[in-house]
J.: 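Dropping a structure here in structure tokens format, bear with me for questions.
Chain A is the first sequence line, chain B the second, and so forth, proteins listed ahead of strands; every chain is numbered from 1.
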2 protein chains.
Amino acid sequence: MSSVPGWANVEERRNLPPALAVSTVILGIREGKDGGPDKLCLPVVRRVRQPHAGMWALPGGPVDPRESLGQAAGRNLAETTGLRPSYLEQLYTFGDIDRSPTHRLVTIAYFALLNADQVGATVQDDNVAWFDIDDPQIAQMAFDHRKILDYAMWRLRNKTEYGQIAHRLLGERFTLAALRGVYEAILGRRLDPANFRRTLKSTASIEETDEYLAGGQHRPPRLYRYVGHGPDPLEVDPLHG
Amino acid sequence: MSSVPGWANVEERRNLPPALAVSTVILGIREGKDGGPDKLCLPVVRRVRQPHAGMWALPGGPVDPRESLGQAAGRNLAETTGLRPSYLEQLYTFGDIDRSPTHRLVTIAYFALLNADQVGATVQDDNVAWFDIDDPQIAQMAFDHRKILDYAMWRLRNKTEYGQIAHRLLGERFTLAALRGVYEAILGRRLDPANFRRTLKSTASIEETDEYLAGGQHRPPRLYRYVGHGPDPLEVDPLHG
DNA sequence: TCAATAGTGTCTATAAGACACTATCTT
DNA sequence: AAGATAGTGTCTTATAGACACTATTGA
């Protein structure tokens, strides 16, 4: 192990204090190709230095002593991808001893959602790329980032309140079909349009607008707006961390 | 602020790397007094040094560079209370800049459950005490520990699977009435014994034994055993962290 | 007109709660 | 026998899914 350039040996590692970093799973949604279901996708960055140079990794970086953890996540995310998410939530802290070969690294993982306008709109950079959540190119990732991504998906699928997060993957106004697409992408199965409509309207977390979306070759759907209720007690302000 | 002995001033704080600590919310259950509902309770430790000397705090301490976060939680818990929990789960990481007045402190909060035998069985120590979850004496706690406790309760109440955690607050065998007591303490309301029985037996996560609990002045209840299904992907091994 | 999706109505299966009832222990 | 909790049966109501049906647009 210690023959790899730049890797500390065991004795050195024991004397280093743990480094603190944040990494963020950033999810957006894009429309399914030729009638298929919508897909969740995410931007990843290519590592340019050791360890794991050349592999895809979650965007992230060190925590500055003068910023909170949420601020660190927001800043790193903006710096590496140019994105400002509509939602930011702390996921889990990964601190196993051997998760980085070079030093003791404790990473606070965050989970961010982008609305439809932002998907694909990262800064032009050869070292940033978007993949569908099930793309084999990110089956392997640097460090334990694949485990972090899997955990993010597990958390997403086990959310009791999809309403809170689903609307943040869309714009401010959306059709019920678009909202259903989000649910289908998260749950990984098709939902009955009729039942979906009824269930959602009965929860009263969405509200009709007077606008309709024209252009499709069918009856124009009504646009809806999300009317949120109280957030989770520790939800992060995506702008101020 | 900097007049308090031992408190660093702002300039000093900016140069200090964040300290890493773990704190644990340890919950057990005890029987309600004179027919009242069962109550959740927890051990807390009295701080003997600044800051917040004299106040009650969650058990915890620093993370050693050579141990994982879960190991740190388990070790600190054993050292301060003498307890070995049956369940340990990572809760959330608190890292606001001003959460400790003396230095930048990042705390990974854990959540532990004790079974009935262990409640009250801490090491004899004047600086360790048990309180009911709603005891006014812990309405205020050191640092942001009250916020951590509130968040732990919120997470507990929002668990989709109570079965997984309820049985860890009891022994290996338990009556349905005891299990119902756990649910009632968590949810904060009484449940219909008949419906509770049916609902729980239909989930099939518990199994009958051939034993009965004698001694009460009523028909002796059957004892049940928990038959778990797969854990959460990041559940912590309470013995090995 | 047709294709396509929007949106409604209604039936059914399942689960949750209320509550009356029977069973079996200790004192 | 009395008192207490164990455990069963059954009715009502709320909800999720299946699926047939009508409505309204662009081509």
Side-chain angles (χ1 to χ4, degrees), chain A residues 31-38 157-163 166 170 173-225, chain B residues 31-38 157-163 166 170 173-225:
Chain A
E31 282 183 21
K33 299 171 188 73
D34 39 70
D38 295 353
R157 274 191 271 262
N158 283 280
K159 280 267 177 202
T160 46
E161 298 211 43
Y162 289 110
L170 303 169
R173 285 142 203 271
F174 46 84
T175 65
L176 286 181
L179 190 56
R180 179 164 47 85
V182 171
Y183 277 68
E184 290 176 344
I186 293 173
L187 297 173
R189 63 191 169 94
R190 290 302 178 112
L191 299 172
D192 182 289
N195 296 329
F196 180 80
R197 168 184 308 273
R198 220 187 341 259
T199 304
L200 224 81
K201 294 188 79 166
S202 73
T203 66
S205 63
I206 59 166
E207 189 177 79
E208 289 185 352
T209 71
D210 293 332
E211 293 172 76
Y212 295 81
L213 182 66
Q217 50 187 351
H218 52 76
R219 174 171 170 179
R222 187 187 285 273
L223 290 171
Y224 290 81
R225 176 196 303 121
Chain B
E31 283 184 20
K33 299 172 188 70
D34 39 73
D38 294 354
R157 275 191 271 262
N158 284 279
K159 280 267 177 202
T160 45
E161 297 211 44
Y162 289 110
L170 302 170
R173 285 143 203 270
F174 46 84
T175 66
L176 287 181
L179 191 56
R180 178 163 49 86
V182 172
Y183 277 70
E184 289 176 345
I186 293 172
L187 297 172
R189 64 191 168 91
R190 289 303 177 110
L191 299 172
D192 183 288
N195 296 330
F196 179 80
R197 168 184 307 274
R198 219 186 342 257
T199 303
L200 222 82
K201 294 188 79 167
S202 73
T203 65
S205 62
I206 60 166
E207 188 177 80
E208 289 184 353
T209 71
D210 293 332
E211 292 173 75
Y212 295 82
L213 182 66
Q217 50 188 349
H218 51 78
R219 172 173 170 178
R222 187 188 285 273
L223 289 171
Y224 291 81
R225 177 196 302 121

J.: Output the distance between atom CG (A:Asp38) and atom NZ (A:Lys33), rounded to the nearest 0.5 Å.
T.: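 With rounding to 0.5 Å, CG (A:Asp38) is 10.5 Å from NZ (A:Lys33).
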
J.: Any side-chain heavy atom of B:Tyr183 within less than 4.5 Å of one from B:Leu200?
T.: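 The answer is yes, as the side chains (C-beta and beyond) meet within the 4.5 Å cut-off.
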
J.: Within a strict 4.5 Å, meaning less than it, do heavy atoms of the A:Tyr224 and A:Glu208 side chains meet?
T.: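 The answer is yes; the side chains approach within 4.5 Å.
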
J.: Output the rounded distance in Å from CZ (A:Arg222) to C1' (C:dT5).
T.: 16 Å

J.: Check the distance between C:dA6's C1' and A:Glu211's CD and give it to me in whole angstrom.
T.: 17 Å

J.: For each nucleotide in nucleotides 19-27 of chain C, reading 5' to 3', give B when a protein heavy atom comes within less than 4.0 Å of its base, S when such contact involves only the sugar-phosphate, and - otherwise.
T.: B---BBBSS

J.: C:dA16 P sits how many Å from B:Leu187 CG, rounded?
T.: 13 Å

J.: Testing A:Arg222, A:Arg173, A:Arg225 one by one against A:Glu211 for a salt bridge (charged side-chain N to carboxylate O under 4.0 Å, His left out), which residue passes?
T.: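 Among the candidates, only A:Arg173 passes.
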
J.: Hey, does B:Arg180 have a side-chain heavy atom less than 4.5 Å from the side chain of B:Arg197?
T.: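 Contact flag for B:Arg197/B:Arg180 side chains = no.
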
J.: Grab the CZ-C1' distance between A:Arg180 and D:dG17 for me, whole Å please.
T.: 14 Å

J.: For B:Phe196 and D:dG7, what is the distance between atoms CZ and P respectively, to the nearest whole Å?
T.: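 Between P of D:dG7 and CZ of B:Phe196: 12 Å.
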
J.: Quickly work out the A:Leu191 CG to C:dT5 P distance and round it to whole Å.
T.: 16 Å

J.: Rounded to the Å, how far apart are A:Leu200 CG and C:dG7 P?
T.: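 Interatomic distance, CG of A:Leu200 to P of C:dG7: 13 Å.
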
J.: Which value, rounded to the nearest 0.5 Å, describes the distance between A:Leu179 atom CG and A:Glu184 atom CD?
T.: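 Atom-to-atom, A:Leu179:CG and A:Glu184:CD are 10.0 Å apart.
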
J.: Find the distance B:Arg197:CZ to C:dA15:P and express it as a whole number of Å.
T.: 19 Å

